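Working notes for the structure below.
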2 protein chains.
Amino acid sequence: MRKVSESTVARLSLYLRRLEEVEAEGLGTLSSEALARRCGTTGAQVRKDLSFFGTFGKRGLGYSVPELKTALRSILGLERHWRVALVGVGKIGSALLGYEDFRRQGFMIEAVFDADEAKVGEERSGLVVRSTAELEAGLEEEGIDIVIVAVPAEAAQGVVDRVVGAGVRAILNFAPTKLEVPTGVAVKSVNMAMELEGLSYALANAGKRTRRTSVQRG
Amino acid sequence: MRKVSESTVARLSLYLRRLEEVEAEGLGTLSSEALARRCGTTGAQVRKDLSFFGTFGKRGLGYSVPELKTALRSILGLERHWRVALVGVGKIGSALLGYEDFRRQGFMIEAVFDADEAKVGEERSGLVVRSTAELEAGLEEEGIDIVIVAVPAEAAQGVVDRVVGAGVRAILNFAPTKLEVPTGVAVKSVNMAMELEGLSYALANAGKRTRRTSVQRG
DNA sequence: GGATGTGAATGTCTTCACAGCT
DNA sequence: AGCTGTGAAGACATTCACATCC
């Protein structure tokens, strides 16, 4: 397999979501141009993105919606369920726990940890909060694939080190800090403060700019 | 001013956050290389990023931490407060309301709207939830600069159209959907489902890949 | 005819490397 | 000597354009 950029993978995600809508609308087939229009990109981009993984369309016709959907789900590793643990049951962690979309997409939150002993033992969304003291043991017991880190910035790196030490190779980080991980561990960060600062920049520089910032990721 | 990429602006955000830590550690001066090390980038990248906005360092010495901090805050438009409204007080919206970091960074949530009349009139974090029926009026009254959209995907575009119609030019979107906005309106999207799918891809393709995905933005 | 798949061209971002200032 | 600021080179991503196939 050729090297594939992160932006390509992000777009595949988007294509899949749009395809599900298209299917609901009852369309059975779709051209790259039509899909692109729904995703804010170009037909050439769609075709190039897909070309990294194989050939999915029929010339003169376009793509079969169910076939392309299946292909994308397979590429993205969404044909199976992933076992997810949440570390940190504060404001954000709690919101994530209640976010049914994750489960619907096959990301099953199976364990919840918090350092605050007052929270340990409480039930949240059907799961008992466990102490971070038993983090490694819990991750192993539950066969966790992905850990969501929703702890304060100061605590994040420590949690990540332990999580990586326990063999987890995928982390979704909500703490506003840079995380060091060894090669072979995937980290994605969601940083709302940084996005807001991007908006602040756009507002502060409105009119001065050459290029307009109406770009987005999904 | 030259055109500046989104990734440069994102890094400026990161530099600023690290500088605040450096200042707390008592360092008065810092080389591009030292700052880069804390941000997971290179000295050349730091210097290039800054060069778009002026010249802030002293050759042979590096950057004055307080001076660079001030410069970055000014570039990012963080010297003033921004008035923010939240639309949608569901799981995510509520979590954002309680997220004190926004306020600390100068993003003041001044108004909250929800379409659910059952929630209208309730108090959340010191604000009374208003009906989306009075969205435009409320945005104008409060002089809102930035709107956070935390409504279901189906409702997002409708809200955005109204918000843009009311003159708002910066939107932070949490709905997992693509938003159409006219040129001149800045949109940033936070899409957790998409980030998770990026992790899924990394896990599903571990070992097959040429390039390791340990990249992050925050 | 119509739309894909893809090398080649273009555009954008990052890295290099060094002249020039302190 | 040390480190910045920056053109130039290199890597990477997107767009073009067309031969190819249904």
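By convention in this document, chain letters (A, B, ...) are assigned in the order of the sequence lines, proteins followed by strands, and residues within each chain are numbered from 1. Worth saying up front: this structure is predicted, and the values here are computed from it rather than measured.
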Phosphate-side-chain proximity, S5(A) and dC12(D), N/O vs OP1/OP2 below 4.0 Å: no
Check: V89(B) main-chain N/O paired with D114(B) side-chain donor or acceptor under 3.5 Å: yes
Shortest side-chain distance from S51(A), nucleotide among dT6(C), dC12(D), dT4(C): dT6(C)
Between C1' of dC3(D) and OH of Y63(B), the distance in whole Å: 8 Å
Rounded distance (Å) that lies between atom C1' of dC16(D) and atom CD of E33(A): 13 Å
S32(B) vs dC3(D): side-chain N/O to OP1/OP2 distance below 4.0 Å: no
Side-chain donor or acceptor of S200(A) paired with backbone N/O of G77(B) under 3.5 Å: yes
For atom CG of L50(A) and atom P of dT4(C), their distance in whole Å: 10 Å
Side-chain N,O (T55(B)) to OP1/OP2 (dG5(D)) below 4.0 Å: yes
Lys/Arg-Asp/Glu bridge criterion (N-O < 4.0 Å) met for E33(B), R38(B): no
Shorter than 3.5 Å, N or O on both sides, protein versus nucleotides 18-22 of chain D: list them out with atom names.
residue: dT20(D); atom: O2; partner: R59(A); partner atom: NH1; Å: 2.4
residue: dC22(D); atom: O4'; partner: R59(A); partner atom: O; Å: 3.4

Nearest-angstrom distance from the residue atom NZ of K48(B) to C1' of dC3(D): 16 Å
Under-4.0 Å side-chain N/O to phosphate OP1/OP2 contact, Q45(B) with dT15(C): yes
Short side-chain N/O contact to dT15(D) OP1/OP2 from T42(A), under 4.0 Å: yes
Distance, rounded to the nearest Å, where E6(A) contributes CD and dA13(D) contributes C1': 13 Å
d(CZ, F53(A); P, dT4(C)) in whole Å: 18 Å
Value in whole Å for how far the P atom of dC13(C) lies from CG of L12(B): 14 Å
Expected output: side-chain E197(A) to main-chain A10(B) donor-acceptor under 3.5 Å: no
Any donor-acceptor N/O pair, Q105(B) side chain to A193(A) backbone, under 3.5 Å: no
side-chain contact (heavy atoms from CB on, under 4.5 Å) assessment of V163(B) paired with L139(B): CA-CA 8 Å; V163(B) 158; L139(B) 294 175; 4.0 Å; yes
More than 12 heavy atoms from other groups under 6.0 Å of CD on E140(A): no
Nucleotide dC3(D), atom P - distance to CG of L68(B) in whole Å: 16 Å
